[in-house]
Amino acid sequence: MPLSDNPYLAHMKAKKGGKASNAPAQAIRKPILWPPRRVNAKQVRKAMEHDLNPFNDKPHTPQYKKLLARRKQLPIYAQMDEFYKMASITRFTENQILVLEGETGSGKSTQIPQLVCYSDLPHTRGKLIACTQPRSVVATTIAKRVADEMDVQLGEHVGYSVQFEDMTSPGTTFLTYITDEMLLREAMGDPRLTRYSTIILDEAHERSLATDILMALLKDLARKRSDLKIVIMCAPFDTVKFQTFFATSEEIDMNEGGLPHAPLFKIRGRMHPVEVFYSQDSEPDYLEAAIQTVLMIHQEESEGDVLLFLTDEDEIERACHEINLRASDVMPSYASVDRVTCIPLYPSLTPPQLLKIFDPVPTRRSRDSRSRKVVISTNIAETSLAIYNIVYVVDPGISMRTTYNPRIRVHAHLATPISKASAQQRASCAARNRPGKCFRLYREDDLNFEFEEHTPPKIFECNLATTVLQLLKLGVKDLVQFNYDPPPPESLMRALELLKNLGALDDDGNLTRLGAMMVEFPLDPQLTKALIVSPKFNCNNEVLTVVAMLSVSDVWFRPPRKPKEAKEAKARLTIPNGDHLTMLNAYNMYIQNKEDKNWAWQHCLSARALAQAENIRAHLERLMDRFEIELVSSQDMRTFYDNVRKALCCGFFMQVAHREGNSNNYVTVKDNQVVGLHPSCGLNNQPEWVLFNEFILTTRPYIRTVTDVRPEWLLEYAPAYFDLSTFTDGETKQALQRVIIKRAGKSGVQTGSKVGRREKKKRRKN
DNA sequence: GAGCACTGC
């Protein structure tokens, strides 16, 4: 090891300029350090108790001591010896990759990265430790917490990096919490991820798309970079699969015959026990059963808050209403329990509404009793939000889940039975503070024999177009073998087909120049294509706005009990030829009325979503600038909207539907699926040809965010896709045929019109 | 006539 790598020597050198007489006193106060990756738990404990912070040489604040006392309560603190033994350099070759399992609440996300810092000493050698998270809110909140615990400023030594917010200081930051998507993007620019000495993948069991890709990437990278340490952190299930996947060649050699595996470190949980109850029979009406169970808990059980899992907004609001109504008839058996307070929890709530779940329930001063809080939530409470003081969980065993059918390219969005792992996760919400109870509204046999083991990983259930583009950019040739779990072949085929049609791939499946440009945009490939071609139509200012608006969740909100007002407000901004154009209009009006703080609210628009769209738009604008794409707008109001529609055709020609006769139904081009316009659609008539942003299956198949387009545009901008010989016989093909004939008639001088007439005659005969 | 949860320079 080079001398300069020894932090202790580094301190000695730094002292040189000081007065000799001061030196002894200072030397005592210096934290004692060690060469990187040669530390043991005893040394770390000593360093933690030291007056000086080893990471910035400043004296610790009183706050540090307080937090440290709390950290010592965590189970991982007692397991430090074991941890460093496994992670130390003495067994480095075997342990380049470590799998680490721990329950939620074991402190693994906050403590393990800190322990790795004490070992790696990244600050002494210009390296970084990354801890990935699937969600940005979690990344930012943990980073804040860890900065406090390490007694350093957030954004300096400890930081985070999420979309639109880079809270790190290059050269100073040595620990960063980063979303898995961001780290994946970084890998596209630097495949060796050279900045990092250790990469920790947290929540690996969630199997987000980016985590899956990163796992395959890191396994490969481990062979090329022997100095890189990798820690895979997950909940305590399915760990053997991680261990097997990450077995290094040494482990494979050592384990001849046996199953090779990467070492596993288990954090002992500190979970309280949960008593689980099952329904005797299947519940025909789970909502009613859930309401009755909550009321039963309120009546029979001692003090403690309740968490009920339901599927969507409507259901949650209904349950809140019913429970509030019927709870007044309940006389709780325990004197310490008073009324119930229902709190709905779903993501479209405003931040102040969301924060209500953390409010303590009101107490009545006159009596020594408190109201019982009943949180009624979607799946958001299962993974993204930890609610404290929950003692009772009511689990109907279902959740909304999106699956993707690549054959007809539809996203199904349906209430589905949860997995065993999910049921376990829900039950454990009852045991954060003290022993709890979980009421499962299904039979034990259903759980054992009907429920899947795990919720399927995202890579099985989503459109892979963006992922394929990213993998090709990363230089991965074999898309099937590369992954942690191979993606469904049909899904891959459809992704490749789309990318080829858009011109992102050549015939050999290599990335084209256009494709290479597309990877850089944080958008679906169809949207990027529309954006990149938009200067041709003099409208990239407009397409930029449309794309930004499509990137945020719904900008329109529906105030409960005022559906009429919401509808009228939307109608005032609606452009009748298309929802894309309505979005453009809404955004432009928002910008025009920015002075008026009430404008968004008066038009039933979410100010938060609009601000986010503005932010995304600015980001995309900078990206366009980087590729030297000029920003242009057409001043001619007659062609203004048509140009936008034409540009959209260039990206979305595979997402077009044709009206069936005079019915309300549309049929998707080539996939031939019968679909309806989504009720949110603002088209005033039923145009013959429409382009859509999404095809979703909920109560029935819908196309959502729809715009009227002319078939001539489709033929002109996507001639290969709209080649008639690639269509099956049917109304759509006939309609296209008519357009082709009409066009020929217009452009051809004499013969064309003759053909037209002849064709018309033929049709009349049929 | 209607909406799980996330994310991206």
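Here is how names work: the chains are called A, B, and so on, in the same order as the sequence lines, proteins then strands, and each is numbered from 1.
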Name the closest nucleotide to the [X] side chain, picking from [options].
X: A:T179; options: B:dC6, B:dG1, B:dT7; result: B:dT7
X: A:D312; options: B:dG1, B:dG8, B:dG3; result: B:dG3
X: A:M182; options: B:dC4, B:dA2, B:dG8; result: B:dG8

For A:S422, run the side chain to side chain donor-acceptor pair (under 3.5 Å) check against A:H454, A:E382, A:R401 and tell me which one passes. A:E382
Less than 4.0 angstrom between a side-chain N/O of [X] and OP1 or OP2 of [N], yes or no?
X: A:T699; N: B:dA2; result: yes
X: A:Y702; N: B:dA2; result: yes
X: A:T698; N: B:dG3; result: yes

Hey, does [X] reach any base, or is it just sugar-phosphate, or nothing, if we go heavy atoms under 4.0 Å?
X: A:D180; value: nothing
X: A:H619; value: sugar-phosphate
X: A:L523; value: base
X: A:E313; value: sugar-phosphate

Roughly, in whole Å, what's the span from [atom1] in [X] to [atom2] in [N]?
X: A:L697; N: B:dG3; atom1: CG; atom2: P; result: 10 Å
X: A:D579; N: B:dA2; atom1: CG; atom2: P; result: 16 Å
X: A:I703; N: B:dA2; atom1: CD1; atom2: P; result: 16 Å
X: A:R704; N: B:dG1; atom1: CZ; atom2: C1'; result: 13 Å
X: A:L527; N: B:dT7; atom1: CG; atom2: P; result: 19 Å
X: A:H411; N: B:dA2; atom1: NE2; atom2: P; result: 20 Å
X: A:E165; N: B:dT7; atom1: CD; atom2: C1'; result: 15 Å
X: A:E203; N: B:dT7; atom1: CD; atom2: C1'; result: 15 Å

Spell out yes or no: do the side chain of A:D314 and the base of B:dG3 have one donor N/O and one acceptor N/O closer than 3.5 Å? no
So for A:S399 and B:dC4, does any side-chain atom that can act as donor or acceptor lie under 3.5 Å from a complementary atom in the base? no
Donor-acceptor pair, distance only, cut-off 3.5 Å: does the side chain of A:T528 make one with the backbone of A:D524? yes
Check for a donor-acceptor pair, side chain of A:R440 on one end and backbone N or O of A:A423 on the other, with a separation under 3.5 Å. yes
Assign each of A:R626 and A:R135 the nucleotide of DNA chain B bearing its closest heavy atom; nearer the 5' end lies the nucleotide of A:R135
Polar contact flag, side-chain donor to acceptor under 3.5 angstrom, A:N463-A:R494: no
Short side-chain donor-acceptor distance under 3.5 Å, A:T455 and A:S419: yes
Below 4.0 angstrom, which residues in residues 136-146 of chain A have at least one non-hydrogen atom near DNA chain B? A:S136, A:V137
State, with a plain yes or no, whether a side-chain heavy atom of A:E317 is found less than 4.5 Å away from one of A:Y346. yes
Quick one: sort the A:Y442 and A:F451 rings into parallel, tilted or perpendicular, breaks at 30° and 60°. tilted
Any side-chain hydrogen bond (donor to acceptor under 3.5 Å, both in side chains) pairs touching residues 566-584 of chain A, not counting sequence neighbours? A:H580-A:T707
